[in-house]
Amino acid sequence: MRSFGLNIYFLCLLISASLCSCSKDEKGNTDSKDPSNLVVAVTISNADSGMVLIEASAENTTEYRLFTGPADQPVASNVTGRFEHEFTQPGTYELTVRAYGTSGRYISATKVVVIADNNPVTIEDGYLTPLQYPGYQLVWNDEFTGSTLNTQFWTHESGAGGWGNNELQHYRSENTSVDGGVLTIEARKESFQGSNYTSSRLITRNKKTFTYGRVDIRALLPKGQGIWPALWTLGNNITTVGWPACGEIDIMEMIGGSGREKTVHGTVHWDNNGHSQTGQGYTLTSGIFADEYHVFTIIWDENSIKWFVNDTKFNEVDITPAHMSEFHHPHFFIFNVAVGGNWPGNPNATTMFPQQLKVDYIRVFQKT
């Protein structure tokens, strides 16, 4: 079991300016009293376990209730205002305390708790694949050495607008870095040109394109509700024929939150008198894909595309039908981290930012 540390940031303290009523005194009783002067303190109780101590005090108060995130039901209530609450995962959380008076009305205060992971995954953690295979030759690879992105291979795509999926991020180059042999794409919660989130999207279009081969991508995935990392390809003719007629191969997609971070998806999209798609998922037997590096692989030839995680096959699609000609032409690579969208849904109070997709290498092999 990995341990994590706890940081408390008082990012906001919101005390309602007016009283809220949960019930109405039908007789107009003037003897009932409203609460006032609510003070809430949050301290570390046990950093290793994620336990926090919440202490609240207010005048004219008969009951305190503790809420986490947007939930309508309290997680605890008492008359003392003292609570202990355990967070089992790193993340950003809201704690709200309501103080109720004899009038039935309440005042509330909200604080943001940030639980940070102090035991990060290193590049040595996880699965590795070799630089050579029998019957194949290495035709292109990027090991992400040095301190800058190799622009002979990669181009940044930028902008917002939802990217066809109602996504929330604005893609920009500033969210990409290369260091220690790792490419990092970072999704951030920050305002930029009308968007509330930023990230990066890298492509190899017109620089590195391939038809068929074995592709290995070793990567450490991010996590969190609304986080959507993808390692994928599009047909290099997309600018002339459009999507889905260009074809799309999703080597790996993961949608975060709700226990979904242990599953990745391998899918193809094409045009067959309209959009067609087929795919399968792969689920880890323990842990999630943010726990260590994994290798996401496709083996693509004239007959089929096969998907693997750590050399375990989980999907195969026959591409010999005439209506799947999209998969017999050059494709380019795309790496990105989306935030929000139709599939994962939007981030919520549990989503911790920044989130990072880390790529150790991409290697393309073709048959000799």
Side-chain angles (χ1 to χ4, degrees), residues 2 4 89-92 116-117 119-129 142 144 165 167 169 171 175-189 197-202 215-233 249-267 279-298 307-312 314-315 333-341 343-347 350-363:
R2 299 178 62 225
F4 55 86
Q89 295 292 332
T92 302
D117 189 347
N119 186 22
V121 178
T122 69
I123 196 171
E124 289 79 18
D125 298 327
Y127 197 80
L128 284 166
T129 49
D142 194 346
F144 301 107
N165 301 292
E167 298 162 24
Q169 77 288 333
Y171 287 128
N175 293 58
T176 296
S177 61
V178 175
D179 183 61
V182 173
L183 164 73
T184 299
I185 295 176
E186 185 169 274
R188 304 168 185 162
K189 186 176 183 180
Y197 304 91
T198 62
S199 187
S200 283
R201 173 176 166 129
L202 311 179
V215 179
D216 290 341
I217 306 173
R218 186 173 190 255
L220 176 68
L221 303 190
K223 60 185 176 181
Q225 169 58 39
I227 302 299
W228 183 4
L231 309 168
W232 51 303
T233 79
I249 306 171
D250 298 320
I251 301 170
M252 185 289 305
E253 291 182 284
M254 189 280 294
I255 52 173
S258 302
R260 301 176 297 195
E261 290 141 341
K262 61 183 178 180
T263 301
V264 294
H265 304 268
T267 312
Q280 295 289 334
Y282 175 88
T283 300
L284 294 171
T285 56
S286 64
I288 62 175
F289 281 96
D291 289 341
E292 62 183 11
Y293 282 81
H294 294 79
V295 179
F296 306 98
T297 297
I298 59 168
W307 283 257
F308 302 78
V309 172
N310 297 346
D311 287 319
T312 298
F314 70 94
N315 189 24
F333 294 103
I334 306 172
F335 294 175
N336 71 286
V337 180
V339 180
W343 193 11
N346 294 341
T350 69
T351 311
M352 183 178 180
F353 286 94
Q355 283 295 322
Q356 296 177 334
L357 167 65
K358 292 179 176 289
V359 181
D360 181 16
Y361 55 74
I362 176 172
R363 297 169 180 168

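A quick note: this is a predicted structure, and the numbers were derived from the prediction, not measured.
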What are the two closest non-hydrogen atoms of [X] and [Y], and how far apart are they?
X: Ile251; Y: Val215; answer: CD1-CG1, 4.3 Å
X: Lys262; Y: Phe289; answer: O-CE1, 3.2 Å
X: Phe144; Y: Asp142; answer: N-OD1, 2.9 Å
X: Gln225; Y: Arg260; answer: OE1-NH2, 3.3 Å
X: His294; Y: Glu292; answer: ND1-O, 3.0 Å
X: Phe335; Y: Ile362; answer: CZ-CD1, 3.8 Å

*Provide the full list of salt bridge (charged side-chain N to carboxylate O under 4.0 Å, His left out) pairs with a residue in residues 178-187, sequence neighbours left out, each pair given once.*
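Counting only pairs at least two positions apart or across chains, the salt bridge (charged side-chain N to carboxylate O under 4.0 Å, His left out) contacts touching residues 178-187 are Glu186-Arg188.
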Check: [Y] main-chain N/O paired with [X] side-chain donor or acceptor under 3.5 Å:
X: Gln169; Y: Ala338; answer: no
X: Glu253; Y: Pro229; answer: no
X: Trp307; Y: Asp250; answer: yes
X: Arg218; Y: Tyr127; answer: yes

*Pairs where residues 280-290 contributes a residue and the test side-chain hydrogen bond (donor to acceptor under 3.5 Å, both in side chains) is met, not counting sequence neighbours*: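 Listed once each, the pairs are Thr263-Thr283.
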*Are His265 and Trp232 near enough that their ring centres are under 6.0 Å apart?*
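Judged by ring-centre distance (under 6.0 Å), His265 and Trp232 do not meet the cut-off.
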*Looking at Phe353 versus Tyr197, is the centre-to-centre ring distance below 6.0 Å?*
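When the ring centroids of Phe353 and Tyr197 are compared, they turn out to be within the sub-6.0 Å range.
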Hey, could you give me the [atom1]/[atom2] distance between [X] and [Y], rounded to the nearest 0.5 Å?
X: Leu220; Y: Asp291; atom1: CG; atom2: CG; result: 8.5 Å
X: Glu124; Y: Asp360; atom1: CD; atom2: CG; result: 9.5 Å
X: Leu231; Y: Met252; atom1: CG; atom2: CE; result: 3.5 Å
X: Leu183; Y: Ser177; atom1: CG; atom2: OG; result: 7.5 Å

*Give the intermediate values and the outcome of side-chain contact (heavy atoms from CB on, under 4.5 Å) for residues Glu167 and Val339.*
CA-CA 6 Å; Glu167 298 162 24; Val339 180; over 6 Å; no
Below 4.5 Å, heavy atoms only, C-beta onward: do [X] and [Y] meet side chain to side chain?
X: Asn346; Y: Thr351; value: no
X: Ile217; Y: Val359; value: yes
X: Thr184; Y: Thr176; value: no
X: Val182; Y: Ile123; value: yes
X: Asn310; Y: Phe296; value: no
X: Phe333; Y: Leu202; value: no
X: Ile185; Y: Asn175; value: no
X: Leu221; Y: Val264; value: yes

*Report the C-alpha separation of Thr129 and Arg363 in whole Å, then their side-chain angles, then the decisive distance to 0.1 Å, and conclude whether the side-chain contact (heavy atoms from CB on, under 4.5 Å) test is met.*
CA-CA 10 Å; Thr129 49; Arg363 297 169 180 168; 4.3 Å; yes
_Less than 3.5 Å apart, any donor N or O on the side chain of Tyr171 or Asn336 sitting next to an acceptor on the other?_
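A pair is found: one side chain offers a donor N or O, the other an acceptor, under 3.5 Å apart.
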*Can Asp216 and Thr297 be counted as having a side-chain donor-acceptor contact under 3.5 angstrom?*
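Distance-only check passes for Asp216 and Thr297.
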*asked:* Quick one, Lys223 with Ile288, criterion side-chain contact (heavy atoms from CB on, under 4.5 Å). Give me CA distance, side-chain angles, the key distance, then yes/no.
replied: CA-CA 9 Å; Lys223 60 185 176 181; Ile288 62 175; 4.0 Å; yes
*asked:* Let's go through Ile249 and Ile298 carefully: what are the C-alpha distance in whole Å and the side-chain angles of both, what is the deciding distance for side-chain contact (heavy atoms from CB on, under 4.5 Å) to 0.1 Å, and is it a yes or a no?
replied: CA-CA 9 Å; Ile249 306 171; Ile298 59 168; 4.1 Å; yes
